[in-house]
Structure formats: C-alpha cells, structure tokens
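Chain naming here is simple, since letters A, B, ... match the order of the sequence lines and numbering starts at 1 in each. Note that these values count all heavy atoms, side chains included, but never hydrogens, waters or copies made by symmetry.
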Amino acid sequence: MKFEHCIRCTICVENCPVFRVNPAFPGPKQAGPDAERFRSDREKSVDDWVLLCSQCKRCEMACPCGVEPAQIILRAQQRYGREHPHTAAHLLFANNYYLSTLGSLTAPVANRFAATKIGKRIFRRMGIATYIPFPRFSFRTLRGEKKSISRGNRKVAFFYGCFINFYRPDIGRKIIRLLQSFKIDVVLPPQWCCGLPALGNGNLELARSFARKNVASLSNYIDAGYEVVYTCTSCGLCLLHDYQGIMDIPEAKKIAENSYDLHEYLLRLIAGKEIRPKFQEVHRTLAYHIPCHLRALKIGYPAAELMQRIPDLECRILDDACCGLNGSYGFKKINETTAVQLGSRAVSLISKTGAEAIVADCGSCRMQLGGLSGMASYDPAEILCEALGIRDKKQMK
Amino acid sequence: MSVIAYDVIVIGAGTAGLTAGARLASEGLQVALVTAGEPTACLSTGCIDVCAAGVNPLDGIADLPESHPYHRIAPAAIRDALLNFQRQCAGLHLPYTGAPDQNRLVLSAIGTFKTSCLVPVTMRSSPQNEEEKIHIVTFAGLKDFYPGYILSRLRNAAFSTYDAGVSTTMGIAANFEDDTFLEAFILWLEKLNLRENKIAFPAVLGLESAAAIVDTLEQRLERPVFEIPTIPPSMPGRRLFNVLKDHFRRQGGVIYWNWPVVGVEKAGRQIEAVRLESQGRPMSLNARAFILATGSFVGGGLSARRETIIEKVFDLPVFVPGTREDWFEQDYFSRNHGIGRAGIAADAAFRPDGCPWDNIFACGAILAHVEALKNGCGHGFAIATGEAAARSCLEYLR
C-alpha cells in the first residue's frame, strides 16, 4: 500500500489490459495511487469505475517501485461494495460456490437449462454475459472421491478449487494419479471456495468466512505432515496472499508457508532428486497462455519448465495478454465488451504461433480462450499426464 | 523442500540483463531472470544509442575517457553484439535499421534531433535536417504529444488531427491493431491529399504489428512515413522490451516477475542464492553464477544516501564521484552531472572491483563511468556489456 512510492512512470498503465480497451477505466495509476490520496474515511466512495478493475494484478507485477495499484484498488472496491447495494450478478458470483453446489446436484437439468434461449435471456436480464457458453456442471464432483493411499514419502492435501470440482473433476482425478505415480499420498481435505470470487465481487465478509473454514481444515492436515498443493493459480494467490493480506486471517501464514503450486511442487521434488519423471515424446505444438495470477505468484512459470523437459513438445510461452475473463469479471454484462476485446487479442496472438492447442493453468482462461477460438485447451497437468502415459480411468466418453 | 537451482540467475530485466540472459541460455545453460518490475527500457524511445560522438559511434567510443567501461570490450565485439541484436529483432518482426558504424538522427517530440545508431524500422524515415517537408498527423485529445513544439522548429512542417475515438497512447495503439480501424484511418488520410514528402505520427502505430502497419501506410500513401517517439507510455520502448523478452524465452530462459531481491546466501567466495521477501515461506533461488543488471538510479540498482551511494542487491562497493557537492551541476538540464559517473567499477571480465565473491558479473547502466546522458550511449552500451559479461560468466562456469 505504499502509494507514495509511485514515481508516475506509467509502466503500470502500459500493462493494464482494461485500460487498453475501456476508456471508462482511468487506469491503475489514476485509480490506484493517484486517487488514493483523495479517498477519505469520512466521505462515501463515489468512484464506481473502481469496479472496472479486473484484479489481474499485471500493474503490480510491472511496478518497479513496489507500489501495489491492484491492492489499493481492491480495497477501494471492498469499500464501494460496503457502501452501495450489490447488483444481482455481483451477489450471484460472490456466492458461486453455493450456486455451483446446487448446479452440480442438478447437473443434467441445470446444464440443459443454461444452454437454452430462455436460460440465456434470464442470464442477460440479470446482467450476466453469455458470449461464451457457461461451463457445464459435472454431476460427479471431485469432492466425492474416495481416499486412496499409495504409502509414499510425501503427503499431499490437494486443494482442487471450484473449477476442477464442479466443472472438470476429470482433470482433478488425473492430477491425483499424476501425484500418486510418484508415490505421493494424496488426500482431499474438506474445503470450500477459496473466497476470491466473493472478494472480487465486493463481499469481504463472505470471503473471510470461506477463508476461515479453509484455514481451519488445511491447518489440521499441515500439522499431520501434509503439504498443501493447489492447481488453480487464482486459488493459490488467494491462499498465499489475500488470506494474510486483505482478509487478515489468523494462522494464514502457516498455510502460505506450506502451500505449493502443483508444478512448482514437482519441480522442487525433481531438484531434490526425490522424483525422476521419465517423459515420453509428445508430438504437439502448444501455445502456453500464462494466467495473470500465475505471474503474480512469483514462482516463475514452473509448468513451462516441466513441459520443456518433454521430448518433441513445442511449447510457445505467451504472457503479454490477459484473456479478459478474470473469473467472474467477464461474465458481467458491464464488462462483456472489455472481456471479448481482450480475449480476441489473446486469441490472435495465440493463432500467430501456429499452435494446434492452448495450454493454461487457469480454468477460466481456458474457458475464455477455448470458447473464443474454438481450439482445444488443456491444463498443463494433462500434458504431463500424456507424457507419462497417465489416463483418467473414470472419464466417461 | 528443495530449492530450485539454475546455472545462472540474472537480476534485472532491462536491455543488459535480457541480452546477457539470452546469450547464456543460447549456450545451453539453465537461466532464470528475476526482476523487481519492468525495466526503464519500457520508458525509452526504443532507439539503440551506441555513442553520440562522431559520425561513426565506434570511433566516438575510441575517444571516450580511459575509465569508460566500453574500453573493456574489443571494438569488433561491440560491433558483433549490435549486429547480433539486429538479427534477433529482424527475426521477431521488429527490424532495426542502420549500421553499428553509422550514427543518424531521430526527430524528437519537441522538434529537436537526437543522435542514435540503430533505430526501429518505424523511425527509418525520420528526417535528418530541419528543412524536410513533413506532415504530422496527431490524434484528438492525445495529451502526450504536441505537434506545436515540432512546428516551432521545423518551418516546413504542417499537421492534421484524427479522431481515433480514444485519446490515450495505449488505447490508440490498441485500435491500430484492428484492420478495420486502420483501413478507415488510411481512407481519411488519402482524402487529405497531403503534399508533403513524408508523413509523421506520434509513436502509437500499434504494439505487436507496428512494422507491418508502417509498411501498409507507406504502400497506400506512396511515400515514407515514420513515428516520432513520445514521452511514456512509450510504444517503441515496450516493443523493444517485448522483443528482447521473447528472444530470451526462445533460448529457454525463465522470468520471475515482481521479485525484488532482498537477501543473499553466501559461502566463502561464492554467492549461493538470492532471496525474495515473501509473506509466506521464504522464496529463494540457487545458482552457480549471478549477473547484476539492475540499472542505475531510475532502474533501481543504485540508491543515493546523504553522503554515499549504495548498490542495493549485494551491497557491492560503489564508485562515488567525489562529495555530494560534486554530484550535481547548477543547471538541471546539464548532461554533465557528476552523479552520472557513479556505479560499480568493474575489471576486464566485468567482475565488480573489490567484490568479495567470484561469481558475480555486472553489466549495463549500473557500471561506473558510463555517463549515458553525456555520451549518448544507452541501449547500445547495455547490449555490448550484456554480451561481454555473459561471455565472462560462461568462461567462469566452464
């Protein structure tokens, strides 16, 4: 929050995807450090444009002076949320976890309804964009998986996140098999939404309640010698930074100290010679779209380093474009144009590489880029599984 | 858990750091680059200034004071580094025109001429004297570019204004990436029936496709067009950064963003790891050698205290030009401020003088006696020393 350190060099502005395409947003410099000096506790917040920030955090990654424009704006967003009524879309997306639980239980009906014209019209009426199909709920979530123990040296508590759980449990099962193939024990601890959707929709208290439950649950596992592994980069960022930061959750430091991105975890095990994966050739040309929140984790691009070790795999890294969806951000009608413009730019950069498919760690990036381009999109873990000959046996089709 | 280890860690993502990193990675080493933020290169004009003195910058270098670090590199190696840079950029759709032994002028946004050497292809046709007949096209509401400054100095210049629908550098550049926008813009230009020989634009002609956009404009308007670099946000600076970054990646290098180094781990005469302050578990990265390319004051490599100057990563000995009274001239705009000589003095292998560790190499603006403003040696110096430091590092590791 060191807004006084801003030297107005505009490097954050150059990096802001929203500012590029939406003139209504004044950019991270003005919305962050510049406006901060005019925000007073005694006055009601009036700047509705703070809500146009997508919290991609590219400004923070770029700032050479350690100012955190996105963090400053995030706090302004929470305050705006406290002082103004929430729209239907904000309320729904903040509670995405409960909604998705319901959606999964009624998956056959819910999926069919979401794809109908009437369903889409209702969505639009509520301020929800429908330019890409809503992800399909999976009836069988990952949460219901039985524990399986492989008696290894390392024990992992897998924080799979809502996207994997409700929409793509098949990827979750592959990740479990991937870890087990290295003789790592994997358990699925009781877990809830990380809280980021609530935070992103101006509902700090709801975010905190999710966070407290997760911290209590994960903390028990850490005490029992488990390491937490997450696969969604946005969940990871929330666990590592927001729990200790804006949410101010006691014991959050313990979670941060013991949580690893899946690929970072594997890289560390390889560095310590604990595992020696033998990757088979994969004859593919892939465009690796780096999710904004992976950059923000400050762990480099570990999946890229792993994929570099796969023979014959051609993997081009693209980290200059935000996909524009940003979780629920692009699903709000007010942000639809921004999201489509940013997504189209990201897609055009991808198509210039001549890649046959997209890889991205983040489910929402894959949804956006796959939806707008019609190309296949994979989680990097799926590519690793392909190189190691690991399949999801339960996968239907 | 085990710490991830690389052969070399480069600290700083500017022109020097990315050049050194790419060289080392191309030799098959595992290279990671850590950076506090994006470099000052993003704010630059994107032009490669080698040495402003002389018609041939390489001759100009020969005349620099003996203390200048350029003298640690053979002239042939400087030329090779620049030619190599030109080859890389051409392969990545941002050709640079010019030759390492030929200086040229670039028209600035205030109508003055800046001496440079290699310039982005979008500035290829920038005028070489004040007499040229140019027509400047600017954009409605663009606050970072005033053609009036140029008109006051170039008497044969005229200007027109186009309404791009948006008024920021980033927004206009984004529009230019859209073919429909470009087509409408060209139609508007054609209707102006311009008589001048050359058409100038502030540097907002796209981000990724700038070279192709300039080509299209030249073909359709049947005369040379060129960009005039603006104050930040600077598209040419960002394009340069993107190309250097892309090249580094293609050699296999890895970048860690927002990674200001706050601590080092050392053993004997070796630095073993650099550390990041983090809210959670401590993050550190191991390497066998380190390249220090953190820049000078604006870049964040050096920091001035009341009476002294410190190097921020390894706390290396810094060459301080006299006492504080000697640091600044009376004239703010002087190119001769003593502080321009501050930095890390290095030997012929680009190892810092008086450094207690053997595995650190320094390059770019953090070096002492550079005086980049006075000598007009910005990115050219960064490229040459980046390559040279990488070569020394390579020899050390072998």
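Around CD of A:Glu314, the count of heavy atoms belonging to other residues, nucleotides or ligands within 6.0 Å does not exceed 12.
The shortest distance between side-chain heavy atoms of B:Asn258 and A:Lys57 does not fall below 4.5 Å. With contacts defined as side-chain heavy-atom distances shorter than 4.5 Å, the pair B:Arg249/A:Tyr301 qualifies. Contact of the B:Glu208 side chain with the A:Asp320 side chain is not registered, since no non-hydrogen atoms from C-beta on lie closer than 4.5 Å. At least one side-chain heavy atom of A:Lys352 sits less than 4.5 Å from a side-chain heavy atom of B:Ser209. Contact annotation: the side chain of A:Glu14 approaches that of B:Leu43 to within less than 4.5 Å [non-hydrogen atoms, C-beta and beyond]. Put simply, the side chain of B:Leu207 reaches to within 4.5 Å of the side chain of A:Arg345, judged on heavy atoms. You'll find the side chain of A:Glu227 reaches within 4.5 Å of the side chain of B:Met1, heavy atoms only. B:Lys245 is not listed as a side-chain neighbour of A:Ile317, based on a closest heavy-atom distance of 4.5 Å or more.
Contact count versus chain B (heavy atoms, under 4.5 Å) is highest, among A:Asp319, A:Leu318, A:Ile270, for A:Asp319. Heavy-atom pairs under 4.5 Å with chain A peak, among B:Ile231, B:Val254, B:Leu285, at B:Val254. Contact count against chain A (heavy-atom pairs under 4.5 Å) is highest for B:Asn242 among B:Asn286, B:Val166, B:Asn242. The choice from A:Ala271, A:Pro64, A:Ala62 that makes the most heavy-atom pairs within less than 4.5 Å of chain B is A:Ala62. Chain A forms the most heavy-atom pairs under 4.5 Å with one residue out of B:Gly165, B:Ala13, B:Ser234, and that residue is B:Ser234.
Rounded to the nearest 0.5 Å, atoms CD (B:Glu177) and CZ (A:Arg20) are 6.5 Å apart. Summarising the geometry, atom CE belonging to B:Met283 is positioned 7.0 Å from atom CG belonging to A:Leu240; distances are rounded to the nearest 0.5 Å. Annotation: the span from B:Tyr256 atom OH to A:Met61 atom CE amounts to 14.5 Å, rounded to 0.5 Å. Annotation: the span from A:Ile299 atom CD1 to B:Trp257 atom CH2 amounts to 15.0 Å, rounded to 0.5 Å.
Residue A:Leu349 touches chain B through its side chain alone, counting heavy-atom pairs closer than 4.5 Å. Of the atoms belonging to B:Leu33, not a single heavy atom falls under 4.5 Å from chain A. The contact between A:Ser259 and chain B is made entirely by backbone atoms, counting heavy-atom distances below 4.5 Å. Only the side chain of B:Asp246 has a heavy atom closer than 4.5 Å to any heavy atom of chain A. For chain A, the nearby part of B:Leu276 is the side chain; its heavy atoms alone come within less than 4.5 Å. Heavy atoms of B:Ile255 lying under 4.5 Å from chain A belong exclusively to its backbone. Looking at B:Thr169, neither its backbone nor its side chain comes within 4.5 Å of chain A, counting heavy atoms on both sides. No part of A:Arg8 comes within reach of chain B, as not one of its non-hydrogen atoms sits under 4.5 angstrom from that chain. With a 4.5 angstrom heavy-atom cutoff, A:Lys273 does not touch chain B via any of its atoms. Of the atoms belonging to A:Cys63, it is backbone heavy atoms, and not side-chain ones, that fall under 4.5 Å from chain B. No part of B:Phe241 comes within reach of chain A, as not one of its non-hydrogen atoms sits under 4.5 angstrom from that chain. Neither the backbone nor the side chain of B:Pro260 comes within contact range of chain A; no heavy atoms are under 4.5 Å apart.
Closest approach of B:Ser2 to A:Arg268, counting heavy atoms only: O-NH1, 3.1 Å. For the pair B:Met170 and A:Val13, the tightest heavy-atom approach, listed with the atom from each and the gap, is CG-O, 4.0 Å. The shortest non-hydrogen separation linking A:Thr10 to B:Pro233 is OG1-N, 3.5 Å. In terms of heavy atoms, A:Cys9 sits closest to B:Pro232 at O-CB, 3.8 Å.
Evaluation of the salt bridge (Lys or Arg N to Asp or Glu O under 4.0 Å) test over residues 298-308 of chain A, restricted to residues two or more places apart or in two chains, returns none.
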